[in-house]
Amino acid sequence: MKDIHANPQFRRENMRSLDGEWEFEILDTPFADNLTERTLTGKICVPFCPESELSGVGYKGEIRYCAYAKTFSLSAEEKKEKVLLRFGACDYEAHVYLNGVRAGSHRGGYSSFYLDVSALIREGGNRLFVLVYDDPKDDCPSGKQTFKESSFGCFYSRVTGIWQSVWLEFVPECYLTSVRFIPDIRNCSVRVRAESFGSEKFGMQVFYGGRKVGECAFPLTQYGEGECRLSEKHLWEVGKGRLYDVVLTYGKDVVHSYFGLRECAFSGEKFLLNGKSVFQRLVLDQGYHPKGLYTVPTEEEMRDEIGMATALGFNGARLHQKVFEPQFLYECDKAGYLVWEELPSWGVDYTDLSGIGGVLEEWREIVGRDVNHPCIVTWCPANEFWTDEFRGNKYPRVCDLRYVKILYAFTKMLDDTRPCVDSSGGYHTGETDLYDFHTYDGIEKAEKYLAAFESEGKLVMPLLMPEKAECRAAAYRPGQPVLASEYGGIAYDPEASGWGYAAAATPKELAKKAAELSRAYMNCPKLSGMCYTQLYDVEQEKNGLYYYDRTPKMNESEAEILRKVLRAPAKIEKE
């Protein structure tokens, strides 16, 4: 069972975890009318999905319908306050019942949600029931979850139902619903925007190293904002996750949070962190765990995963086609580890605007939950919007570019303090903050097009981008900041049990090939960053620098070959 708080950035002490053993049953048919009244046939360990080993179920077939039930008791003291029922994530459609009465529903497999169940909960015994519908073949974000019978290619195990923590929070009549921190490094202050249920006085105290370094207060009815001056400046930097602790009060409600004092932006072709050029040395992290699938069991394993990357010389990760748990982002915040957060956009029909409303709502909830994490330096609402090959069609799909433009504009409306790439490695419009490309070419081809890019200012999309009329929107525009956001893909697979974009016969060859490719990208003065595919193997995809169980492929001397390259200054950082 997980032993960590579900959301370290919005934490109340007056809470109770509902993780652990639940009743569970896979259903063959849509939900029956009397389903919430009966005992379910099996057991499951929440928050692990039923496809995972750690759930105790380990079912590998398709699950479209399933049910969860949990019986718990509530004391008279707990019943005196409002009770909020929170779900970290449930994929995809959740219908929640408490004591036989419908409490509410939610759609979106990667976003958190809560329900006020004060009117339904009772002193003594309570029975919580959750009905789930999920089908990765639907027009909705499903990321790398396979839509076939089993995993294949770069599609992995399905994740159905509850895969993040479930808990109760006990709050007064007036309580905070959200808070947004907007750091200002020049004025050594932070702007705070708060939303609430009710009308009370809002207060904020800021601490650093246990010392109080700022406070502010203002009246708050549903929405309000103010500025908090800080008496000490401690910048959040790469490898130095300096965090300010925050205590928020709203009448009797108390919430604990934190923020980092930092600023990120592009200036010309350079990525700037706190005004200094930083080359993004990222590694692709798919967020799959061999026993927990989407769910990492402990915070120690989360820290270890970040340590695996930094030990090789990477300074961050592109969190790919999955929204990671808030606790993982907290560990990134503490480590000073740069992050791209990405909507798991595969599964979405991006030619059909009729379904965009649900996608935007899920993305709104995701950004709203994670916007305060200083580690996040880029929003990525789409990945490779350009072809239908993964659904069996051999010909390029004419992407409706309005979909990409809407995703970008909506993201900037939610948060204009960070860069946003409209569609990573795919169709770029003129409204993106950066241009990125994906390529798994070897060193000779990579050096050839990088040389042309440097000398002529021309960049041709190297990966799976045919020279068709519908692809002209993907053209690079001189002066844009550019990142090679997927490269490498070199598989060392001694058992020959999977695949990779390229191959290495030995761990030393893996290190040398990864190093020479990384050096080529770092030596291009027009590149502001890169992302190596990938940190660890995932199921049948064997192009990781570590095995799926997180053990190293390279010994220390071999790892040093790559580390020496990655820790050297990039060309753009020298200029």
With under 30° as parallel and over 60° as perpendicular, where do the rings of Trp363 and Trp379 fit, or are they tilted in between? perpendicular
Glu78 with Arg16: basic N within carboxylate O range, under 4.0 Å: yes
Any salt bridge between Asp433 and Lys412, counting N to O under 4.0 Å? yes
Please tell me whether Phe202 and Tyr250 form a close aromatic pair, meaning their ring centres lie under 6.0 Å apart. no
Does the distance from a Lys or Arg side-chain N to an Asp or Glu carboxylate O, for Asp184 and Arg191, drop under 4.0 Å? no
Looking at residues at least two apart in the chain, or sitting in another chain, which of them share a side chain to side chain contact (heavy atoms under 4.5 Å, CB included) with Lys291? Glu53, Leu54, His289
Say you draw a straight line from OH of Tyr175 to CZ of Phe197; how long is it, rounded to the nearest 0.5 Å? 5.5 Å
Cationic N near anionic O, under 4.0 Å, Glu200 to Lys252: no
dist Tyr408:OH -> Glu431:CD (nearest 0.5 Å) comes out at 7.5 Å
Side-chain donor-acceptor contact under 3.5 Å, Gln321 with Gln286: no
Any luck finding a side-chain donor-acceptor pair between Asp436 and Ser424 under 3.5 Å? yes
Under a 3.5 Å cutoff, is there a donor and acceptor pairing between the side chains of Asp333 and Tyr258? yes
Is the terminal nitrogen or CZ of Lys322 (NZ for Lys, CZ for Arg) located under 6.0 angstrom from the six-membered ring centre of Tyr288 and within 45° of that ring's axis? no
In Å and rounded to the nearest 0.5 Å, what is the CD to CG distance from Glu305 to Leu535? 6.0 Å
Report the distance from atom CG of Asn7 to atom NE2 of His256, rounding to the nearest 0.5 Å. 13.5 Å
His106-Glu365 side chain donor-acceptor pair, cut-off 3.5 Å: yes
Taking atom CD of Glu325 and atom CH2 of Trp163, what is their separation to the nearest 0.5 Å? 6.0 Å
Quick one: pull up CG in Leu220 and NZ in Lys201 and give me the separation to the nearest 0.5 Å. 12.5 Å
Glu341/Arg418 ion pair, N-O < 4.0 Å: no
Applying the side chain to side chain contact (heavy atoms under 4.5 Å, CB included) criterion to Leu407, which one of Leu360, Thr429, Asp422 satisfies it? Leu360
Do the rings of Phe437 and Tyr521 sit parallel, tilted or perpendicular, given the 30° and 60° boundaries? tilted
If you draw a 6.0 Å radius around CD in Glu173, do more than 12 non-hydrogen atoms from other residues or ligands fall strictly inside? no
Using a 6.0 Å distance limit plus a 45 degree cone around the ring axis, check whether Arg86 lies over the aromatic ring of Tyr114. yes
Would you please test Arg107 and Glu362 for salt bridge (Lys or Arg N to Asp or Glu O under 4.0 Å) and show each step? CA-CA 8 Å; Arg107 298 185 72 194; Glu362 186 170 359; over 6 Å; no
Relative to the ring of Tyr476, is the ring of Tyr435 parallel (under 30°), tilted (30 to 60°) or perpendicular (over 60°)? perpendicular
Starting from the C-alpha separation in whole Å, work towards a yes-or-no answer on ring pair (Phe, Tyr, Trp, His ring centres under 6.0 Å) for Tyr403 and Tyr350. CA-CA 6 Å; Tyr403 214 124; Tyr350 42 84; 7.1 Å; no
What I want to find out is whether Glu300 reaches Arg303 closely enough, with some N-O distance under 4.0 Å, to be called a salt bridge. no
